[in-house]
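A short write-up of the structure that comes next.
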2 protein chains.
Amino acid sequence: MEDRTETSLIALRRILRATELNARTLARATGLTTPQLIVLEIVVAAGRATPKDIAGKAGVGQATATSLVDKLEARKLVTRTRSERDKRVVWVAPTEEGKALLSAAPDPLQKTFSEQFQALPDWEQGMIVAALERVGAMLNAGALDAAPLLDVGAVDRK
Amino acid sequence: MEDRTETSLIALRRILRATELNARTLARATGLTTPQLIVLEIVVAAGRATPKDIAGKAGVGQATATSLVDKLEARKLVTRTRSERDKRVVWVAPTEEGKALLSAAPDPLQKTFSEQFQALPDWEQGMIVAALERVGAMLNAGALDAAPLLDVGAVDRK
DNA sequence: AAAATATAATTTGATTAGCGAATAAAACTT
DNA sequence: AAGTTTTATTCGCTAATCAAATTATATTTT
């Protein structure tokens, strides 16, 4: 393998590693497990979502989504409401408590990243965005590009 | 949040998403679960590793590492050997079968990435490597850079 | 050298995650 | 109206994961 290819893969793995560890830390901080946190983030970001949406975005089966929603509902972080228009569907929406929990536990990784990124010179910001998008495109070229899971970031916006 | 910061985060999330899905696909293809596959990769990369090493590198607790090694050992993909020098430690090493399994299941994501990467013009390769390393550094700046996942292979041995 | 402390792996007991298959209800199709 | 599809849920089962307790071995202190 080309040397630079290898180097890029290593760099990628470091990124994955950092974000993965961060997810666990964050989950702990909130008292939720990682999958539960992901579901809550999805619901908060979207305003409301069906179990099917959640399953798709979180990359798990519907049955799993249901059970994760169960947990969150039990903790009063989300509510379930049957849709009037189509009574098969259930809307899962965050409670105030659910929203509060997320904003009270700001993602430390995202925070440091954002701060540092914004401190970079303009040309470097541009370079990084271009490179990340290039890499994302390359990775998604193989796997058929699935739904945009992680509009998670929503978290920040005041 | 600055627009470009947001854009970069979205790009990052797409990357994470793609690799996550890939991990599952790969695990299925090998008949292993994702954590099991990660452990096997660690062991193969390092030549041999203790459960403690594995726990650190895989980012799980020692108890979990032990149980994952159990599964792999049951399938004869790795072996356990007590160290002579220090009888508290156990060396986990891949069997031929374990190594074969990994090489027989080439990572599709890594493959397409490598191919595409190598097809890029020189300047772009350089740009991507630089950007990925920059991002990795930024991410690891916040979280105290935990165990260097990828010094895999460093370990002792003859 | 004996006692205390530390380290490594494992076992145990519990919860959570996750899947596939089956079920139930509602909505579409023909 | 009958059949098909979609949505959510339930059920049974396996795997992952952790914390705490346990066992064996090393290291350090007295």
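- Using a 3.5 Å distance cut-off with no hydrogens or angles, the side chains of A:T50 and A:D53 do pair a donor with an acceptor.
- Side-chain proximity of B:K52 to C:dT16, C:dG18, C:dA8: nearest is C:dA8.
- At least one side-chain heavy atom of B:R4 sits under 4.5 Å from a side-chain heavy atom of A:D122.
- Among the protein residues, A:S67 comes within range of no part of the nucleic acid, since none of its heavy atoms lies under 4.0 Å from any strand.
- At the heavy-atom level, B:R82 lies nowhere under 4.0 Å from the strands shown.
- Taking for each of A:R85 and A:K71 the nucleotide of DNA chain C with the nearest heavy atom, the 5'-most of the two is the partner of A:K71.
- For the pair B:L68 CG and C:dT11 C1', the computed distance is 15 Å after rounding to whole Å.
- Each of B:V69 and A:Q62 was assigned the nucleotide of DNA chain C with the nearest heavy atom; the assignment lying further toward the 5' end belongs to B:V69.
- The side chain of A:T50 contributes an N or O atom lying less than 4.0 Å from OP1 or OP2 of D:dA8.
- The side chain of A:A63 lies closest to C:dG20, out of D:dT17, C:dT10, C:dG20.
- When distances are taken from the side chain of B:D70 to each of C:dT11, D:dT10, C:dA27, the shortest belongs to C:dT11.
- The distance between atom CG of B:L72 and atom P of C:dA9, rounded to the nearest whole Å, is 16 Å.
- Going from atom CG of B:D86 over to atom P of D:dT28 covers 12 Å, rounded to whole Å.
- Residue A:R24 places its CZ atom among more than 12 non-hydrogen atoms of other residues, nucleotides or ligands, all under 6.0 Å distant.
- When the P atom of D:dT17 is taken as reference, atom CD1 of B:I54 falls 13 Å away, rounded to whole Å.
- Rounded to an integer number of Å, the gap from CD of B:Q36 to P of C:dG18 is 15 Å.
- Of the listed residues (B:V39, B:I54, B:L37, B:L40), just one forms a side-chain contact (heavy atoms from CB on, under 4.5 Å) with B:L68, and that residue is B:V39.
- Residue A:L32 contributes atom CG, which lies 16 Å from atom C1' of D:dT17 at whole-angstrom precision.
- Distances from the side chain of B:R88 to the nucleotides D:dT25, C:dA9, D:dA8 place D:dT25 closest.
- Inter-residue side-chain proximity for A:M138 and A:V135 is flagged as met; some heavy-atom pair is nearer than 4.5 Å.
- Distance from the side chain of B:T64 is smallest to D:dC18 among D:dC18, C:dC19, C:dA8.
- Picking from D:dA8, C:dA26, C:dG20 the nucleotide with the shortest atom distance to the side chain of B:R28 gives C:dG20.
- Here A:E20 does not pair with A:R17 in a salt bridge; the nearest charged N to carboxylate O distance is not below 4.0 Å.
- Sequence order on DNA chain D of the closest nucleotides to A:V90 and B:T34 puts A:V90 first from the 5' end.
- Straight-line distance from the CH2 atom of B:W91 to the P atom of C:dT10: 13 Å, rounded to whole Å.
- One can place NZ of A:K87 at 16 Å from C1' of D:dT6, the figure rounded to the nearest angstrom.
- For B:V60, counting side-chain heavy atoms from C-beta on, the closest listed nucleotide (D:dT9, D:dC18, C:dA26) is D:dC18.
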